[in-house]
Amino acid sequence: MQERLKQKATQLLENGTVDRILGWKAGEFFYDLTPAVFTTKEQIEKDFVFNVFAGANLSKYLIAESRKGGKVAAFIKPCDSYSFQQLLKEHRIWRDNVYVVGVQCDGMCDAAKLGDGVLSVKEEGENLIVDTLYGEKTVLKADAIADRCASCKSKKIVIFDELIGEQGEETENDRFGEIARLEAMSPEERFEFWRGELSRCIRCNACRNVCPACSCEKCVFDNANSGVRNKAAADSFEENMFHIIRAFHVTGRCTDCGECSRVCPQNIPLHLLNRKMIKDINELYGPYQAGADMDTKPPLTNFTVDDCEPSIVHERGGQ
Amino acid sequence: MQRVGVFVCWCGSNIAATVDVEKVAEVLAKEPGVVFSTNYQYMCSQAGQEMIQESIAKYNLTGVVICSCSPRMHENTFRKTCEKAGLNPYMVEIANIREQCSWIHKDKETATEKAVILGRAAIAKVHLNAPLTSGTSPVKKRALVIGGGIAGIQTALDIADAGFDVDIVEKEPTIGGKMTQIDKTFPTLDCAACILTPKMVDAAQNEKIHIYSYSEVSSVKGFVGNFKVTIKKKARYVDETKCTGCGLCTEKCPQKKVPNAFNLGLDNRRAIYIPFAQAVPKVATIDADYCTMLKSGKCGVCSKVCTAGAIDYTQKDAFIEQEYGAIVVATGFNPIKLDQYDEFAYSQSPDVVTSLEFERLMNAAGPTGGTLLRPSDGQHPHTIVFVQCVGSRCDDSKGKPYCSKICCMYTAKHAMLCREKYPDTDVYVFYIDVRTPGKNFDEFYRRAVEEYGVHYVKGMVGKVVPENGKLKVQASDLIGNQQLHIDADMVVLAAAIEPDKSARPLATMLTASMDTNDFFTEAHPKLRPVESPTAGIFLSGACQGPKDIPETVAQASAAAAKVIGLLNKDHLVCNPCTAQPDELMCNGCSSCEKVCPYGAITYVDKEFRGPNRTTLLRRVAQVNPAVCQGCGACTVACPSGAMDLKGFSNKQIMAEVDAICR
């Protein structure tokens, strides 16, 4: 796969379709793939990487890249394509300046699941041959698959100019099982669960920075005028509030790409907050998938007479 | 920093009885920026207002906080007061220490503490206030009346009489509404058609009135003075401009088995029909549910007999866009469905009828030609039982909690007419109370009892059982303390009335509020009874509550007077509290544009200076302040917080919250 992507990238540069390529290169560790822009064949030959760790969603980078003049080609996986289309819908990406190469995705792996001391990983069919400090081992790819990919919502690339690999379909995975489990908890249990998770937050802002839906020109948390920038937390719950506020902020626009949880250095399952919102929207306003198309109106900024009334809070047992 | 003056009102004892006004003024005097603080018996009085004006001059006040009643009462008064003293009217803030404090608390200490907090929040806000200037918007000098019953007709006639254009939208093929189905009217017993049809004709002939019959309002945009309405003209498959109303088609149509809605299904009509002889407009309409030609493409009789060539089977719904300055709702009422009242055997026997059906059975243009005959066998009924309050004043879920108001009087009318026309008939009326508060109403009812010998029985009918061609009525006589068994020939049910079903979706379109019974609410139940709280929307007739004809006509004219007052103005002063985007923060995502109910937001690509002498092209929102009504929907929809409302900025609201939480 990597070779096919490299070939395509080189070809697009050489035939003048684009003048830049947005892809991935190795970061600090070989399994830590980072988005990168390539402008020459040599750079691509040397640094371009695509493997089971290419989880990073490139869509958000296109907000800036598409405005730089010239044309950029981006490799877009199925879940990235939802984010891409959502950003297009919000007029954030300049479509004319982007050439989208859709890339088939069979799920990305989580390096943490391979254990300690990993030196290199080779793909061999269904297996990963993992070389570690303690010797070589064979791991079933399915055992190392990232949690978000295990509950992948769709293998379909919803928008592309060209496709590498096969077009997929929406999957039948039960994304909301875990949410239902949280909903079944008593309010006290649930509060304890989230306190346990969110209290680990160090406010590094990685989740915000990676989130394709969190792409404001100026984030309120960076805006001196907003009154909440660099505000010292009055108590430990304020860090928790940050995530709750962010979840509301992206509600109706979050495509459930799961990047927030992937980048969290404290392993907080942040995507569960967003998924709860998606589940509620589906239940209250009818099924809706952000980024699935260009036409449907987002339920939270649309009105139909069938919309739920405020009393729904009461009907669902709220106070 | 602003120089703030605080004025605490006693409102006689309304506030002073539960709030220590002196203490409030004293504590608030210590708030930052407050240079003067006082209390007075009636701030809204001439003396109170002069005191405010003098203080503004004496202390060079730049902001004023009035702790008094709700801003809905006197905000305008105080804004004008301050404006006269040279202060921008939007530098005034009201702390509502009456409705939100003194009236709802009993403990003086708590109420005083709360009044201080409310005052503090207003002071915090006024510090961030900026002078605002109102613009104006033009008034479209045309009115829309939704519903063409007696209420709508009267309103339209009065508005047209004042020289303004007015359109009536009526969902039925003819105007006239419920009154066309009524036989006689109480308490004078004049014929409904005789007094209504001249008004229908007046409306049709008036140059200022345009009637959209067989039409519905499909969307409403805009605001007071500038509504944009789309009217759906339903396909009637007859060209209105060609049809002469000769009625030949309605005689020749071979489809004879269509329940006649005008006679409430008591007889049949053809698939092409004119509801009744005096219909306005007198134009035939094809009922698409029954027309053989429209359903199977085989027939075409009406088109063959029509000498005017008016039949058009290909006609489609047409949409008309029109602009209005004011909208009057006159959607009227319907009797409730009686499916849930089977104790009265309504679904079991055709001889159990509703009062409106009884009107048709008494009417000369009705299914029996005006002779009262039992629907089951066409015989004269000799014993008739009237049941009052069927579904009215009900505390259970199947009925309505309110009194339908008109039933006592029309039942007295029915009973009286029966006895007069058919003196051999025994007439019983079962009632909870007889309510006759109206001019000549009680006299009318007493005539029914005393002169016409109608048997009025206090008590309810428990059961009606059809048996051997009779209706066995079981009832209680509460005064005589006995059970009654009556073998009746007919039972007439005074069904409760409810707002027309079209009212609820219409209210949503108009953003006009409704009560739990789907009656439109007034801006004030006593002082503004014909206006909706939504500016530019007026209420006429039974859509606002049960009413008889005289009351409906009175309200219709009152609504017209309000509309005329509005349309007489060339310009309306706009609310200066409009939305304003911070272009540097705007993402250009269009969320605000999607939620704006007034279409006030557009987007432009605009050049901005970037770092290192570069230029960035960005898509940003722009608000047209003449169109923006300051509802604030965009400010909460904006994901980046770029949109703000002048006079109610996020910062001002947060300052208030902070002041309350301090």
Side-chain angles (χ1 to χ4, degrees), chain A residues 60 63-64 66-69 85-97 208 211-229 231 234 245-254 290-291 294-307 309 311, chain B residues 128 219 221 502 504-509 511 514 516 581-597 601 603-608 610-611 614-621 633-644 649-658 661:
Chain A
K60 186 177 184 177
I63 297 174
S66 71
R67 292 167 193 226
K68 280 184 183 164
Q85 185 149 265
Q86 180 62 28
L87 286 166
L88 272 188
K89 217 167 156 176
E90 292 172 15
H91 309 276
R92 305 289 286 138
I93 293 175
W94 295 10
R95 181 69 177 93
D96 291 347
N97 296 348
R208 180 199 70 178
C211 176
C214 246
S215 60
C216 289
E217 290 286 332
K218 188 132 199 158
C219 175
V220 283
F221 293 107
D222 292 340
N223 181 3
N225 233 345
S226 71
V228 292
R229 186 184 74 159
K231 186 172 166 292
I245 291 168
R246 216 185 69 79
F248 273 102
H249 178 67
V250 301
T251 299
R253 306 186 297 123
C254 168
M294 283 299 285
D295 317 311
T296 49
K297 293 182 175 165
L300 293 193
T301 51
N302 188 30
F303 171 76
T304 69
V305 276
D306 300 329
D307 280 357
E309 299 289 335
S311 58
Chain B
L128 298 171
S219 87
K221 291 197 177 92
S502 64
R504 172 59 70 174
L506 183 66
T508 310
M509 269 192 261
T511 63
M514 284 187 141
T516 48
D582 179 345
E583 290 181 342
L584 290 175
M585 285 173 67
C586 177
N587 295 337
C589 72
S590 281
S591 294
C592 55
E593 187 190 18
K594 287 192 193 98
V595 298
C596 178
I601 301 175
Y603 277 84
V604 288
D605 288 326
K606 207 168 168 180
E607 283 191 344
F608 288 85
T614 52
T615 325
L616 295 172
L617 195 61
R618 281 179 39 215
R619 185 175 191 271
V620 289
C634 54
T635 65
V636 285
C638 177
S640 59
M643 197 60 94
D644 227 340
S649 67
N650 294 334
K651 267 193 160 175
Q652 284 174 304
I653 310 253
M654 287 313 289
E656 285 185 281
V657 174
D658 280 346
C661 300

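What you see below is based on every heavy atom in this structure, not just the backbone, and it leaves out hydrogens, waters and symmetry mates. All values reported here derive from a predicted model rather than from experimental measurement.
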Has A:F248 got more than 12 heavy atoms of other residues, nucleotides or ligands less than 6.0 Å from its CZ?
no
Contact leader toward chain B among A:N302, A:V250, A:T301, where contacts are heavy-atom pairs under 4.5 Å
A:T301
Are the side chain of A:R92 and the backbone of B:N587 linked by a donor-acceptor contact shorter than 3.5 Å?
yes
Counting heavy-atom pairs under 4.5 Å with chain A, the top scorer among B:A637, B:C586, B:S591, B:P639 is B:P639
Within this structure, what is the CD-CD distance for the pair A:E217 and B:E583, rounded to the nearest 0.5 Å?
12.0 Å
Which atoms of B:C592 are under 4.5 Å from chain A, going by heavy atoms: the side chain, the backbone, both sets, or neither?
neither
With a 4.5 angstrom heavy-atom cut-off, is it the side chain or the backbone of A:F303 that approaches chain B, or both, or neither?
side chain
Part of B:M585 lying under 4.5 Å from any heavy atom of chain A
both
Under a 4.5 Å heavy-atom cut-off, does chain A meet the side chain of B:L584, its backbone, both or neither?
backbone
Check whether any side-chain heavy atom of A:E90 lies under 4.5 Å from a side-chain heavy atom of B:S590, and answer yes or no.
no
Distance check, rounded to the nearest 0.5 Å: A:W94 atom CH2 versus B:D605 atom CG?
6.5 Å
Can you tell me how far the CG atom of B:D582 sits from the CG atom of A:N223, to the nearest 0.5 Å?
7.5 Å
Counting heavy-atom pairs under 4.5 Å to chain A, which of B:K651, B:R619, B:R504 comes out on top?
B:R619
Residue B:K594 excluded, over 12 heavy atoms near NZ under 6.0 Å
yes
